[in-house]
S.K.: 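First the structure, then my questions, so here it is.
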Amino acid sequence: MRQAILTILAALLAIPALANGTQDFAQKFADEWAADNQLETVTISPKMIEQMIGMGNSAALDERMIEAIKKLRSLRIVKTSSDVQLYYQRAIDLLDRNSTRFQQIDTFAKTNQQGAFYTRKNQQGETVELVMVYQHQEKNSFVVVCCTGDIDEDFFRTLLNNFRY
């Protein structure tokens with residue numbers, strides 16, 4: 001029953017992506033490895049983002065971060081705690097295979113953890129998608145975070161300044 005509900009939910013979430021002819025990286029990655037049954041995907045809609053900002057915890061966010069979050073159209077997260085190095089490499093390989101669509105803009109590496117940021121631009125040269133791929137060996141954690149919307153330089157810098165790796 002749970003599997004059927006998740007399948008229906010995934011199909012419904014795919015409709016907006018099909019309508020504008022594009023699929024974000026997180027969905028493409030999750031679809032490619034769906035048979036593994038180890039990946040969890042969470043999609044946060046603009047309405048949910050608005051509700052999160054409106055909750056009492058927004059005092060912890062500075063005004064620039066709130067403005068940056070308001071520019072998002074969607075936020076999709078794919079994660080697993082199994083085979084984290086394997087999934088990290090699969091994500092990087094998929095991004096590299098689609099290098100005409102995604103450009104790497106930053107990487108980082110520390111003991112037992114690594115990550116990379118990629119962007120996708122539209123035909124007008126505006127950044128419309130930001131992808132972060134991260135894995136932490138010790139914590140057994142792999143995460144892809146995909147943001148779509150108005151991803152300008154200010155958004156990216158605000159995100160980087162608030163992201164502690």
Side-chain angles (χ1 to χ4, degrees), residues 2-49 52 68-69 71-110 112-123 125-152 155-156 158-160 162-165:
R2 181 174 180 232
Q3 192 78 12
I5 291 171
L6 290 174
T7 303
I8 292 168
L9 184 59
L12 290 173
L13 292 172
I15 291 171
L18 293 173
N20 67 16
T22 61
Q23 183 181 45
D24 70 25
F25 176 78
Q27 187 62 51
K28 183 174 180 59
F29 181 78
D31 288 350
E32 187 161 319
W33 302 106
D36 288 0
N37 293 324
Q38 293 183 19
L39 297 174
E40 294 177 51
T41 303
V42 176
T43 301
I44 302 172
S45 71
K47 185 74 172 166
M48 292 170 76
I49 292 169
M52 288 188 314
I69 292 170
K71 294 178 179 182
L72 292 178
R73 191 174 73 226
S74 72
L75 179 67
R76 194 180 316 259
I77 302 165
V78 178
K79 65 180 186 164
T80 188
S81 58
S82 301
D83 301 318
V84 298
Q85 182 60 40
L86 173 67
Y87 281 110
Y88 180 82
Q89 195 56 54
R90 286 177 175 178
I92 297 299
D93 290 348
L94 182 59
L95 285 159
D96 290 345
R97 282 196 318 266
N98 289 278
S99 62
T100 57
R101 187 171 183 198
F102 295 98
Q103 290 77 47
Q104 184 182 77
I105 57 172
D106 199 6
T107 62
F108 60 90
K110 288 186 173 183
N112 295 316
Q113 59 183 318
Q114 60 185 334
F117 288 92
Y118 289 77
T119 59
R120 177 175 60 88
K121 297 183 184 285
N122 63 14
Q123 291 178 336
E126 301 163 326
T127 303
V128 294
E129 184 172 352
L130 175 64
V131 178
M132 181 193 78
V133 181
Y134 172 80
Q135 71 94 15
H136 194 297
Q137 286 289 110
E138 242 175 50
K139 294 182 180 177
N140 219 17
S141 176
F142 164 78
V143 180
V144 172
V145 178
C146 183
C147 305
T148 59
D150 182 10
I151 314 290
D152 57 15
F155 176 92
F156 180 66
T158 301
L159 185 66
L160 276 183
N162 283 279
F163 180 72
R164 308 281 187 248
Y165 50 81

S.K.: In a check of salt bridge (charged side-chain N to carboxylate O under 4.0 Å, His left out) between Glu129 and each of Lys28, Arg76, Arg120, which one passes?
M.R.: Arg120
S.K.: Side-chain contact, heavy-atom cut-off 4.5 Å: Leu95 with Val133?
M.R.: yes
S.K.: Can you find a heavy atom in the side chain of Ile151 that is under 4.5 Å from one in the side chain of Leu72?
M.R.: yes
S.K.: Considering non-hydrogen atoms only, spot the tightest contact between Val78 and Ala26 and give its length.
M.R.: CG2-O, 3.6 Å
S.K.: Give, for atom CG of Leu39 and atom CG of Asp83, the distance between the pair rounded to the nearest 0.5 Å.
M.R.: 10.0 Å
S.K.: Can you confirm if the aromatic rings of Phe25 and Tyr118 lie within a centre distance of less than 6.0 Å?
M.R.: no
S.K.: Given side chains that start at C-beta, do those of Val84 and Gln137 come closer than 4.5 Å, heavy atoms only?
M.R.: yes
S.K.: If you measure from CD on Gln104 to CG on Asp96, what distance do you get to the nearest 0.5 Å?
M.R.: 7.0 Å
S.K.: Does the plane of the ring in Phe117 sit parallel, tilted or perpendicular to the ring in Phe108? Use 30° and 60° as the thresholds.
M.R.: tilted
S.K.: What's the spacing between Gln89 CD and Phe142 CZ if we round to 0.5 Å?
M.R.: 10.5 Å
S.K.: Roughly how far apart are Lys110 NZ and His136 NE2, rounded to 0.5 Å?
M.R.: 9.0 Å
S.K.: Are any side-chain N or O atoms of Asn98 and backbone N or O atoms of Phe102, one a donor and one an acceptor, separated by less than 3.5 Å?
M.R.: no
S.K.: I need the minimum non-hydrogen distance between Ser81 and Asn140, along with the two atoms involved.
M.R.: O-ND2, 2.8 Å
S.K.: Would you give the length of the straight line joining atom NZ of Lys121 to atom CD of Gln103, rounded to the nearest 0.5 angstrom?
M.R.: 7.0 Å
S.K.: Mind checking whether Arg90 and Phe29 have side chains closer than 4.5 Å, heavy atoms only?
M.R.: yes
S.K.: Measure the CG-CG distance between Asp24 and Leu130 for me, rounded to the nearest 0.5 Å.
M.R.: 11.5 Å
